[in-house]
Amino acid sequence: AAGMFLRLLSDIQWRAAHPKWRRMTGSQRSASTTAEPHPLSLPAQAQVVICGGGIMGTSVAYHLSKMGFKDIVLLEQGRLAAGTTRFCAGIVSTARPMSIELKMAHYSNKLYQQLEQETGVQTGYMKTGSISLAQTQDRLISLKRIASSLNVMGIPCEIISPKKVAQLHPLINIHDLVGAMYVPEDALVSSANVSLALATAASRNGVQIHERTSVSHVTIQRGRVTGVETDRGRIQCEFFVNCAGQWAYELGHSGEEPVHIPVHACEHFYLLTHPLQEPLSSSLPTVVDPDGRIYIRNWQGGILSGGFEKNPKPLFTEGRNQLEIQNLQEDWDHFGPLLSALLRRMPGLEALQIMQLVNCPESFTPDMRCIMGESPTARGYFVLAGMNSAGISYGGGAGKYLAEWIVNGYPSENVWPLDLKRFGTLQSSRTFLRHRVMEVMPLMYDLKVPRWDFQTGRQLRTSPLYDRLDAQGARWMEKHGFERVKYFVPPGSDLLDLDHSKTFYKPDWFDIVGAEVKCCKEAVCVIDMSSFTKFEISSTGDQALENLQYLFSNDLDVPVGHVVHTGMLNEKGGYENDCSIARLSKRSFFMISPTDQQVHCWAWLKNHLPDDSNLVLEDVTWKYTALNLIGPRAVDVLSELSYAPMTAEHFPSLFCKEMSVGYANGIRVMSITHTGEPGFVLYIPIEYALHVYNEVMNMGQKYGIRNAGYYALRSLRIEKFFAFWGQDLDAFTTPMECGREFQVKLDKGMEFLGQEVLLEQKQNGVYKRFTMFILEDHDTDMDLWPWWGEPIFRNGRYVGKTTSSAYSYTLERHVCLGFVHHFDEQTGEELVVTTDFINQGEFEIDIAGQRFQAKAKLYPFSSLFAQRRRKDDVELSGYQRE
Amino acid sequence: FYLTPPQVNSILKANEYSFKVPEFDGKNVSSILGFDSNQLPANAPIEDRRSAATCLQTRGMLLGVFDGHAGCACAQAVSERLFYYIAVSLLPHETLLEIENAVESGRALLPILQWHKHPNDYFSKEASKLYFNSLRTYWQELIDLNSGETTDVREALINAFKRLDNDISLEAQVGDPNSFLNYLVLRVAFSGSTACVAHVDGVDLHVANTGDSRAMLGVQEEDGSWSAVTLSYDHNAQNEHEVERVKMEHPKSEEKSLVKQDRLLGLLMPFRAFGDVKFKWSIELQKRVVESGPDQLNDNEYTKFIPPNYYTPPYLTAEPEVIHHRLRPQDKFLVLATDGLWETMHRQDVARIVGEYLTGVHHQQPIAVGGYKVTLGQMHGLLTERRARISSVFEDQNAATHLIRHAVGNNEFGTVDHERLSKMLSLPEELARMYRDDITIIVVQFNSHVIGAYQNEE
């Protein structure tokens with residue numbers, strides 16, 4: 001009965017939302033007629049084949065066709081807008097913590113607003129606004145942070161009092177509220193109709209839409225998409241776009257060469273009611289009560305309310321039957337807590353009659369961010385899926401970015417946080433996904449404080465020293481499946497619940513990390529950095545050098561044993577990767593990159609290196625354990641263990657040498673630390689890891705050695721003004737913009753990627769400048785701490801956002817790093833950022849609505865550096881992302 | 001020695017079975033949510049049987065308990081066969097024709113029943129062909145009769161009971177060339193079984209009863225308390241009407257010998273039953289069949305023994321009394337049980353124990369709003385109540401098991417006494433029958449929402 005009823009109801013839903021149902025149906029039909037003049041014949045070939053007729057597929061088709069692509073085929077296994085799109089609650093909300101997500105939602109909103117006019121298809125667009133409620137002060141802080149981001153983007157948004165909430169929405173019980181955020185331009189749509197409107201426009205632009213056509217698999221030859229096999233025949237194509245929603249994982253795995261798309265579905269419930277006695281106005285704002293885990297929107301005079309419960313029900317772990325989506329059962333007991341929250345928020349609804357509890361599966365991803373981009377293994381295979389229940393909010397923007405990606409080779413914004421290549425095969429285990437999405441779904445409404453970590457799917461990749469470190473009080477975080485130490489809780493410390501402390505203010509570990517930093521400055525610390533991605537590139541002749549010279553901006557033709565910090569830039573001069581490369585021999589190089597570059601960098605190199613069997617690229621990440629010895633006494637520890645002189649004369653900075661440490665031979669030692677402090681990183685073949693660690697710790701005792709974690713590392717690198725790729729640097733940032741001209745050798749005698757842009761920037765200046773800010777009137781104990789993403793103001797005007805921040809134990813001040821732009825005061829046009837522009841401005845950083853004075857610096861404090869460093873040696877690289 | 005609580009549980013739960021009716025079975029919304037059933041043997045092997053099945057060619061569900069005596073052969077046969085006879089009796093003419101044509105041309109048969117069986121509930125493979133032929137003869141006769149009228153459930157039930165008993169009798173008289181089967185049909189006929197069968201279709205509940213098993217409806221009063229409505233008449237000496245009936249059917253001269261020591265002819269407790277040809281056949285027929293029968297039968301003192309004062313057979317019938325009841329929203333459940341339960345527990349206690357149990361474990365059954373009028377407040381109240389009950393965790397997942405626990409373990413205060421329960425369950429086989437009878441229970445739970453909706457339609 002449930003299935004039948006559901007189908008019936010969603011028809012009602014459409015009809016009621018659209019009084020002119022007949023006309024709607026008419027236009028829908030005419031849309032599919034134009035789309036399918038010969039419903040039985042698929043074209044033999046097309047430029048782009050899109051699989052999936054939901055909001056994502058139709059949005060990609062719409063944008064591709066607008067951008068001038070003509071030869072596009074969209075395939076849908078059932079009917080258009082029949083999957084999750086059909087059951088979507090239809091809330092378009094821009095209140096997103098991440099800037100790229102915010103931009104996508106903002107664009108979607110603007111797109112949907114004019115879609116009805118453009119296509120003639122009624123979308124049910126209604127600008128209702130939204131109110132996000134805060135039951136606690138911490139929640140209000142998180143809302144204020146979002147409000148700051150929205151405001152600087154020009155999206156109207158205000159923090160309002162509970163009283164104002166009651167004025168905006170008469171049904172809300174405000175007694176337990178401390179405040180709220182009001183976004184007046186948020187909207188409601190019928191998501192199915194938005195999807196149909198996009199499809200209509202796309203088909204008018206020549207996109208062929210075929211319903212009831214299933215893709216069985218995608219054929220890939222020599223690392224490129226060649227075509228699509230369907231139940232109605234084969235289509236040859238250049239590009240394939242997997243927009244299959246919760247079926248994206250399986251579709252990715254259906255071919256001979258799997259494309260790993262880590263999505264997993266959970267049941268998602270929402271309630272529909274009959275109209276109130278006095279039907280609710282369709283312009284009443286949507287209410288989000290994250291502390292109650294629910295959202296409430298008006299729906300045909302009644303309400304639609306759902307939420308993200310603490311104990312989600314994952315489903316289809318073993319695979320699926322596409323029909324099952326129609327037949328999911330309502331589960332009232334499961335919905336009970338959300339219903340309680342609803343009635344607590346709106347007690348006046350007690351007498352409202354239930355129409356239905358809708359169970360609609362939603363796909364979630366391992367990190368709560370959607371997945372887009374090109375497969376690292378199959379060129380031309382694009383993906384847009386895993387919307388974490390925000391599909392309608394992201395649909396427009398995500399479709400646009402993906403279309404740009406296909407047409408131009410890269411989207412117009414930095415989408416690395418959403419890039420498919422942030423994941424690898426390791427996130428593709430069904431067990432991992434099942435467990436992780438059970439954590440992700442409640443996290444949608446959980447309070448997210450700085451530096452939170454996922455708790456599920458842990459201890460997958462570990463260093464051989466994991467148990468040793470854990471026994472010494474290590475507290476762990478995870479990056480790309482790899483366990484890394486945050487800090488070490490000293491023995492006897494009563495900070496047992498340290499992991500659970502959630503705060504926007506000064507954290508409990510403040511003094512612990514302070515002690516580790518102090519030890520790095522004054523003695524020596526060991527940090528296990530094994531998670532970093534390590535590649536070896538070698539060739540029989542000069543191929544390795546020649547190719548790397550083209551792919552990297554610095555000059556790699558250095559004497560054997562030298563280490564070079566360099567960006568791996570794209571055509572626009574932006575950082576695709578930032579790494580350290582050691583020249584091991586004339587013909588082989590050892591490359592260290594950030595942990596989450598493992599898939600992306602591999603794909604980039606594979607795509608750019610010639611197909612030459614004499615040129616070998618190998619991922620050796622798993623082969624080495626990396627120990628970072630930081631501090632002035634590191635040199636003493638190492639020289640005692642190796643009976644080799646390690647002083648600057650014998651072992652200068654940025655040098656690499658294989659040597660023995662203790663009994664173990666063949667340890668690759670590099671004089672870099674990723675922090676600017678003196679020291680070494682030891683790359684140890686894993687079987688020697690425990691031995692070398694024990695030797696180092698024993699020998700180090702007399703020099704005051706101790707373990708340290710990444711929080712100490714971060715504090716050190718940020719106070720030294722070191723940018724980290726993935727956090728501060730991205731594909732839209734050039735070395736010129738972040739003060740790294742010295743890592744670019746424009747005159748190295750051969751052409752390299754991005755060279756033209758850099759040359760141009762060198763001559764004409766840059767439009768954004770990486771700047772270091774020292775907070776002046778910020779009280780570390782009492783004030784909110786910065787995190788990242790805080791707006792930067794110059795002379796009261798918005799100029800950019802921070803990208804990372806840390807407390808500097810040396811300066812005893814907070815340091816924020818971020819980019820400063822120069823927007824013309826009249827036109828808003830971006831102007832060149834000069835040194836004077838930075839030096840002559842009064843800067844402020846906005847933390848959750850409160851502004852703090854900040855001193856801007858373009859160069860690091862020289863006094864913080866060890867004396868022996870020369871300017872050119874200055875090691876300005878690092879890889880951590882918080 | 002004592003049994004530990006887990007040992008007690010494993011004994012009690014060995015035969016438990018639960019079935020939840022899919023809310024929508026493809027034809028209609030069912031008024032039954034599901035049923036729980038269980039058996040506790042006292043005889044070795046147990047002589048009780050139970051059956052449950054959904055009618056696939058007509059609407060409704062069939063549930064029944066069967067209390068065998070003088071062996072389990074008859075109860076076994078009835079538990080396998082009776083529902084087919086009932087289902088066939090209910091089938092419209094066209095369906096019967098279709099089935100007959102299919103058999104005739106060797107095509108696949110329409111399935112008639114979907115059984116809901118515990119793994120211990122077996123069907124005899126050897127006799128299936130024989131049983132099928134008898135059943136086919138029955139539907140062929142129904143086809144020939146073609147009354148053209150729609151089938152009345154009451155009549156169908158009565159016809160099916162009588163027909164099956166007749167077939168059992170005939171098969172024993174005719175015999176079978178296969179010696180195993182020949183012995184089987186004789187054992188079936190010479191042993192006996194009561195039957196208490198419920199047919200539920202929407203709000204129409206029919207109970208057909210033959211013998212001393214009993215059907216009882218659990219009703220929740222407006223104040224939340226529980227009361228019992230009996231939906232069958234016991235066919236035994238305690239039932240005046242039944243004694244009256246038996247006396248009416250025989251000459252006045254036999255009046256004194258008909259019922260002695262509360263037994264029929266001083267021998268049989270139930271006054272109606274399947275099988276038991278010793279109380280149905282003429283003396284000549286009995287002698288002829290026994291003498292021509294296999295040696296095992298001849299050697300059996302019981303079968304050779306002719307009841308005293310046996311003048312005007314038949315003394316026994318399988319014809320059921322049928323009670324029709326229109327279900328109301330307050331009718332929450334139906335208990336079908338053999339006399340093993342009713343001997344130890346008053347029906348009022350049964351109603352209360354099951355009622356409280358079912359509302360207590362209600363949280364384990366999903367609620368569905370379906371098309372009914374429920375407000376957010378009501379739903380919230382219901383869910384809160386269900387959550388509160390989770391705290392009072394019950395050991396039993398099965399209402400029938402829960403009832404057996406009480407029936408066997410209740411002390412004088414009406415609460416389960418583990419010591420008593422342990423003692424009763426650890427009795428050696430030969431002693432068990434002295435203290436308790438086989439107990440078989442089916443608890444059917446109704447969907448009050450559906451029943452309410454049916455009512456509103458009319």
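All figures in this text were calculated on a predicted structure; none of them were measured in a lab. Below, chains carry the letters A, B, ... as their sequence lines are ordered, and counting in each starts from 1.
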With the side chain counted from C-beta on, respond yes when Ile354(A) and Thr375(B) share a heavy-atom pair under 4.5 Å apart, and no when they do not.
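No - every pair of side-chain heavy atoms lies 4.5 Å or more apart.
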[atom1]-[atom2] distance between [X] and [Y], expressed to the nearest 0.5 angstrom:
X: Ser305(A); Y: Leu376(B); atom1: OG; atom2: CG; result: 9.0 Å
X: Gln378(B); Y: Gln353(A); atom1: CD; atom2: CD; result: 8.0 Å
X: His380(B); Y: Phe335(A); atom1: NE2; atom2: CZ; result: 11.0 Å

For Leu349(A), which atoms come within 4.5 Å of any heavy atom of chain B: side chain, backbone, both, or neither?
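When you check distances to chain B, atoms from both the backbone and side chain of Leu349(A) fall under 4.5 Å.
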Enclosure of Glu221(B) CD (heavy-atom neighbours >12, cutoff 6.0 Å):
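Count over threshold, so yes.
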If you tally heavy-atom pairs under 4.5 Å against chain B, which of Leu342(A), Leu352(A), Leu343(A) wins?
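The residue among Leu342(A), Leu352(A), Leu343(A) with the greatest pair count is Leu352(A).
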